[in-house]
Amino acid sequence: MSYPEPTAHGIAARELSARLFVHLAGESPVPASTAAAVESVCQRLRAELTATLGSGGASALLVRALHLATREHPLLAGVTVGNDPHECLTALSEAISGRSDQEAAAAGAAIFTHLFILLVTFLGEDLGLQPLFKFWPHLARGVEEIEG
Amino acid sequence: MIERKRVEIRKLPTGVPGLDLVLGGGVPEYSFNLIAGEPGTGKTTLVHQFVFENARPGCTAIFFTILGEPAIKMLRYQQQYGFFDPKKVGTSVRFVNLTDDVVERGLDGVLERIVAEVGESEAKIVVVDSFRSLVGTVGGGDSAPPDLHQFLQRLAIHLTSWEVTSFLIGEYEEADRRSNAVFTIADSIVWLSQVPDNNSVVRKIHVVKVRGQGSMPGLHTFRITDDGVQIFPRLSPAVEEQERETRSGRASTGVRELDEMMGGGIPSGDSVLLAGPSGSGKSVLATQFIAEGGKRGEPGVLVVFEEHPKEYLARAEALGFPLLRMIQEGLLEALYLRPLDLSPDETLYEIRQAVDRVGARRVVIDSISGFELALAPTFRADFRESLYRLVGALTGVGITVLTTMEIMQDSSELRFTPNVVSFLADVLVMLRYYEAEGGIGRAIMVAKMRGSQHSKAYREYEITNRGVELGGDLDGYSGRISGAPHLSRDPR
């Protein structure tokens with residue numbers, strides 16, 4: 001596995017994020033299912049990242065990922081990274097309710113696409129994606145398929 | 001007589017080349033250690049090397065990070081080093097951030113968390129980085145919190161009783177050593193520093209204490225490379241003497257007549273100083289010495305400071321000395337050392353590595369002045385000592401060492417050793433120019449041979465396309481030392 005340049009990097013992260021969503025919420029989730037899946041992934045990853053990087057480090061990465069995702073999906077503009085361990089992303093449900101299933105799913109997945117890209121950028125693939133593969137180990141095999 | 005059965009303390013390898021020797025064998029198992037020094041001295045890198053060297057299933061490590069360098073940056077940069085094995089991270093090596101614990105619950109919270117994590121994981125190696133940041137945060141600045149001593153006692157006792165080998169990493173200054181409780185409680189203290197001096201920076205390591213084992217005293221230089229920290233122990237000749245190997249016989253110089261002047265060649269394992277002015281043929285003679293070794297199946301190491309070995313080897317080839325072939329056949333290694341910030345011990349390390357690789361019996365150092373220039377300025381003040389240790393360490397294991405030295409020659413005086421380094425040489429060979437009958441000639445003499453008879457003659461020599469060739473004795477001339485000899489009687 002390797003990410004030789006940002007493009008390949010992004011494609012793999014996007015694919016990884018998409019597979020994660022399909023795994024958690026099915027092929028065509030309704031916005032409410034998307035919100036639940038995003039919140040669930042966010043809470044688990046934040047807890048794992050906090051253990052290694054501290055709450056400040058984990059939050060900084062999530063805030064940045066959310067910022068980048070919002071640029072692609074302005075509907076996320078009102079969403080923030082919260083401090084409550086039981087609510088990682090505040091106002092997410094409100095932001096995506098009333099949107100099409102596809103729009104909502106794409107916005108949710110974009111947050112993790114950018115989080116994965118940031119993690120790989122800073123920590124490399126082996127360490128950066130470790131928290132993800134800890135919870136969803138089958139996705140590691142998925143990355144190898146993406147990379148060919 | 002009472003038979004004493006002492007506890008045997010296992011020593012863990014550090015994974016840092018040279019450090020085990022300095023520590024006296026490694027890190028005592030279950031010890032509570034402090035790695036101290038100013039920011040940027042390599043403390044975290046050194047401890048990471050230990051962690052990755054020792055961590056494995058059944059001997060896991062927890063690296064607690066507290067404030068100081070953010071964990072994300074530390075992981076990002078540390079994984080660049082060759083020793084960092086990402087596959088161990090998350091399994092044998094876990095990184096745990098304690099920032100929230102210290103901010104919210106102070107020292108008690110930190111202790112509770114460490115105790116819980118160690119208990120849960122049964123870790124055998126624990127690192128706290130940075131301990132100074134922890135203390136500073138809790139104490140509200142540089143002052144130590146009142147319960148620090150108690151915290152340290154509890155932490156040390158807990159980790160030791162859980163059979164953990166632990167490291168506290170901290171940014172400390174010399175002044176801290178007098179008053180800080182951590183220096184009292186730690187079983188060992190390793191101090192890292194870097195000292196700028198005349199445009200160069202020299203890194204040094206000092207084992208301040210190690211309980212229960214003899215460490216190597218003094219300051220030792222180290223370098224941080226892509227493979228991490230590498231230490232160059234400051235070996236004294238006394239240490240080298242332990243492995244002294246006495247060789248008998250003579251090492252031919254490659255010049256038959258010069259061998260005859262020496263009574264059959266250089267006594268094996270001796271050091272030879274070949275001194276002469278510029279252009280007198282020192283490097284040519286050194287080349288012949290190495291090439292002769294090749295002919296006799298005695299591998300050599302050629303240490304060149306002043307010119308690139310390519311040029312050196314090309315000149316040797318032009319004179320008919322097949323040094324390139326010797327390299328191909330594994331009989332010679334040519335080292336080029338010219339960084340201008342070397343320490344004597346790093347130089348010695350490089351030479352010893354090359355000596356071991358080829359099984360060298362002969363070493364040429366060309367030249368002493370080049371070696372002096374390659375050293376960081378701080379070591380030039382102790383140059384004689386450096387040279388003494390370098391030559392002593394090589395001859396101590398039976399290697400015949402030939403060093404060259406450029407000397408000034410004026411018409412009225414011959415100064416044998418301007419840097420007063422001749423005491424290092426068992427054999428001193430002088431090359432010089434002389435003027436006679438309107439021409440310039442070259443002359444060679446063996447000025448000194450410890451414990452061995454030698455010719456006192458002054459002989460002419462030429463540098464030909466076959467190397468140095470000796471001619472007749474200047475026996476009939478007077479005023480040879482002055483450089484302007486005149487024929488006082490018929491030469492023999």
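Because the structure is predicted, anything quoted here is derived from the model rather than measured. The sequence lines fix the lettering, A, B, ..., with proteins before strands; numbering per chain opens at 1. Only this structure's heavy atoms are used, side chains among them; waters, hydrogens and symmetry mates stay out.
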Select, from [options], the one with the greatest count of heavy-atom pairs under 4.5 Å involving chain A.
options                     : value
B:F64, B:Y77, B:F95         : B:F95
B:L75, B:D100, B:I72, B:L98 : B:I72
B:D101, B:V96, B:T99        : B:V96

If you count heavy atoms of other groups shown closer than 6.0 angstrom to CG of A:N83, is the number above 12?
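12 or below, so no.
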
Should we say atom CD of A:E72 is surrounded by more than 12 heavy atoms from elsewhere, each under 6.0 Å from it?
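Counting other residues, nucleotides and ligands, CD of A:E72 exceeds 12 neighbours.
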
Side chain / backbone / both / neither for B:T65 at chain A, heavy atoms under 4.5 Å:
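Side chain only.
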
Kindly give the heavy-atom pair with the smallest separation between B:Q79 and A:L127, and that separation in Å.
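Taking every non-hydrogen atom into account, NE2-CD1, 3.7 Å.
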
Nearest heavy-atom pair of A:T52 and B:N97: which atoms, and what distance?
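Nearest heavy atoms, A:T52 then B:N97: O-CB, 3.4 Å.
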
With a 4.5 angstrom heavy-atom cut-off, is it the side chain or the backbone of A:L61 that approaches chain B, or both, or neither?
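The side chain, not the backbone.
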
What's the separation between atom CG in A:L53 and atom NZ in B:K73, rounded to the nearest 0.5 Å?
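These two atoms lie 13.0 Å from each other.
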
If you measure from CD on B:Q78 to CG on A:L123, what distance do you get to the nearest 0.5 Å?
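So the gap between those two atoms works out to 12.5 Å.
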
